Amino acid sequence: KRFQESITMAYHTFHGVETRIVRIFNTYGPRMRLNDGRVIPAFIGQALRGEDLTIFGDGLQTRSFCYITDCVEGIYRLMRSDFHEPLNLGQDRMVSINELADMVAKIAGYEIDKKHIDGPQGVRGRNSDNTQLREVLGWEPQVSLEEGLAVTYKWIEEQVIAANSNQASAAADV
Ligand code: UDP
């Protein structure tokens with residue numbers, strides 16, 4: 001990622017190419033892939049199946065999660081600006097993976113246990129410093145994690161129901 005930023009900046013500086021550099025943080029929302037191992041679809045899938053939420057390690061590692069419409073809006077605004085430096089685009093609210101699990105359980109509406117297991121934890125903490133985003137765009141992400149998670153949960157639930165009913169009708173056809 002750093003190399004891409006450097007080469008992009010070089011093209012801008014030495015060849016006058018109109019460039020933008022956006023640093024996207026953990027993004028989520030409807031239409032995300034369900035089985036690529038990222039934490040939000042993993043937790044929601046487990047909640048929908050009535051399974052424990054699998055937390056890698058102690059769950060105290062932190063992330064900030066940005067809802068897809070905010071990510072798209074931020075990119076659009078940046079493209080319309082004349083800012084060429086790298087710009088962070090994410091939510092600046094940091095939550096631990098334990099907290100995220102509790103939020104998913106709350107949306108599911110029933111008691112779900114957290115199971116701490118070995119797994120790749122990635123960086124210990126990551127958050128978006130939005131000082132420059134506010135200065136440059138006069139804007140920052142608007143959708144709270146609670147709102148975004150609720151919409152994403154519902155969307156994933158619909159996908160699971162549709163997949164199950166397709167399977168059921170395929171089985172009936174046999
Ligand atoms: N994570 C977890 N359980 C899972 C999937 C992920 O505890 O089933 C944790 C993972 O260890 C990491 C965090 O959630 O600390 C975010 O993981 P993700 O792969 O979504 O994003 P990244 O690590 O690239 O920020």
Side-chain angles (χ1 to χ4, degrees), residues 1-8 20-75 78 85-134 140-164:
K1 286 178 188 171
R2 287 290 296 118
F3 179 70
Q4 287 170 7
E5 289 187 0
S6 300
I7 204 161
T8 301
R20 305 286 183 276
I21 299 174
V22 58
R23 291 180 176 164
I24 293 172
F25 288 67
N26 298 51
T27 306
Y28 70 99
R31 299 194 188 178
M32 73 188 303
R33 263 182 277 157
L34 301 183
N35 296 317
D36 66 0
R38 277 174 302 163
V39 66
I40 288 181
F43 281 176
I44 294 177
Q46 289 164 342
L48 288 167
R49 293 189 297 273
E51 298 169 2
D52 296 343
L53 304 185
T54 54
I55 295 173
F56 297 158
D58 60 11
L60 296 177
Q61 65 270 40
T62 57
R63 294 291 185 277
S64 70
F65 295 94
C66 186
Y67 189 65
I68 183 62
T69 54
D70 280 334
C71 181
V72 172
E73 170 100 27
I75 293 171
L78 177 62
E85 304 288 322
L87 190 68
N88 288 347
L89 172 53
Q91 273 281 4
D92 60 1
R93 172 182 175 195
M94 199 160 65
V95 294
S96 72
I97 299 306
N98 284 330
E99 287 171 316
L100 180 73
D102 291 337
M103 291 171 81
V104 170
K106 191 170 174 201
I107 293 167
Y110 45 83
E111 194 78 12
I112 306 179
D113 287 334
K114 298 197 281 264
K115 187 164 75 180
H116 293 269
I117 60 170
D118 280 342
Q121 293 180 41
V123 293
R124 195 62 183 157
R126 192 193 294 126
N127 192 21
S128 177
D129 178 341
N130 282 351
T131 314
Q132 202 165 39
L133 182 73
R134 284 189 286 266
E140 66 187 317
Q142 304 288 310
V143 180
S144 72
L145 185 54
E146 284 80 359
E147 282 173 82
L149 271 183
V151 176
T152 307
Y153 189 100
K154 202 165 181 316
W155 180 78
I156 293 180
E157 191 171 31
E158 285 162 10
Q159 305 314 299
V160 172
I161 292 168
N164 287 345

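Values in this document were obtained by computation on a predicted structure and should not be read as measured data. Remember, it's 1-based here, ligands and their atoms both numbered in the order they're listed.
For atom 6 (C) of ligand 1, the closest non-hydrogen atom on the protein side is Val39 CB, 3.5 Å. Here the protein heavy atom with the shortest distance to atom 25 (O) of ligand 1 is Arg63 NE, 2.7 Å. In terms of protein heavy-atom proximity, atom 15 (O) of ligand 1 is nearest to Gln121 O, 2.7 Å. In this structure, atom 7 (O) of ligand 1 lies nearest to the protein heavy atom Phe56 N, 2.8 Å. Scanning all protein heavy atoms for the shortest distance to atom 3 (N) of ligand 1 gives Thr54 O, 2.8 Å. Of all protein heavy atoms, the one lying nearest to atom 9 (C) of ligand 1 is Gln61 NE2, 4.0 Å.
Asp113 places no side-chain N or O within donor-acceptor distance of the main-chain N or O of Asp52, the cut-off being under 3.5 Å. Remark: the backbone N or O of Glu140 is paired with a side-chain donor or acceptor of Gln142 at under 3.5 angstrom.
Put simply, part of Arg126 is less than 4.0 Å from ligand 1, judged by heavy atoms. Residue Gly119 places every heavy atom at 4.0 Å or more from ligand 1.
Note: an N/O pair closer than 3.5 Å links Pro120 and ligand 1 by distance alone. Polar contact check, Ala42 against ligand 1: no nitrogen or oxygen pair lies under 3.5 Å apart.
Scanning all heavy atoms of the two residues, the minimum distance from Gly29 to Tyr67 falls at CA-CE1, 3.9 Å. When all heavy atoms are compared, the tightest approach of Asp36 to Pro41 is OD1-CG, 4.4 Å. When all heavy atoms are compared, the tightest approach of Asn127 to Gln91 is OD1-O, 3.5 Å. Across all non-hydrogen atoms, the minimal contact from Gly59 to Ser96 is O-CB, 3.5 Å. Here the closest heavy-atom approach between residue Met32 and residue Thr152 is recorded as SD-CG2, 4.3 Å. Minimum heavy-atom separation, Phe56 to Gly119: CG-CA, 3.6 Å.
Near Ile55, the atoms of ligand 1 lying under 4.0 angstrom from a non-hydrogen atom of the residue are 7 (O). Taking every non-hydrogen atom of Ile97 and a distance limit under 4.0 Å, the qualifying atoms of ligand 1 come out as 7 (O), 13 (C), 14 (O). Interface atoms of ligand 1 facing Asn26, defined by a heavy-atom separation under 4.0 Å, are 21 (O), 22 (P), 25 (O). Counting the atoms of ligand 1 from 1 in the order shown, those under 4.0 Å from a heavy atom of Gly37 are 5 (C).
The residue Ile40 has no part lying near ligand 1, judged by heavy-atom distances below 4.0 Å.
A salt bridge does not link Glu5 to Lys1: none of the charged side-chain nitrogens sits closer than 4.0 Å to a carboxylate oxygen.
Of the residues listed (Ile97, Leu48, Ile156, Leu149), the one engaging Phe43 in a side chain to side chain contact (heavy atoms under 4.5 Å, CB included) is Ile97, and it is the only one.
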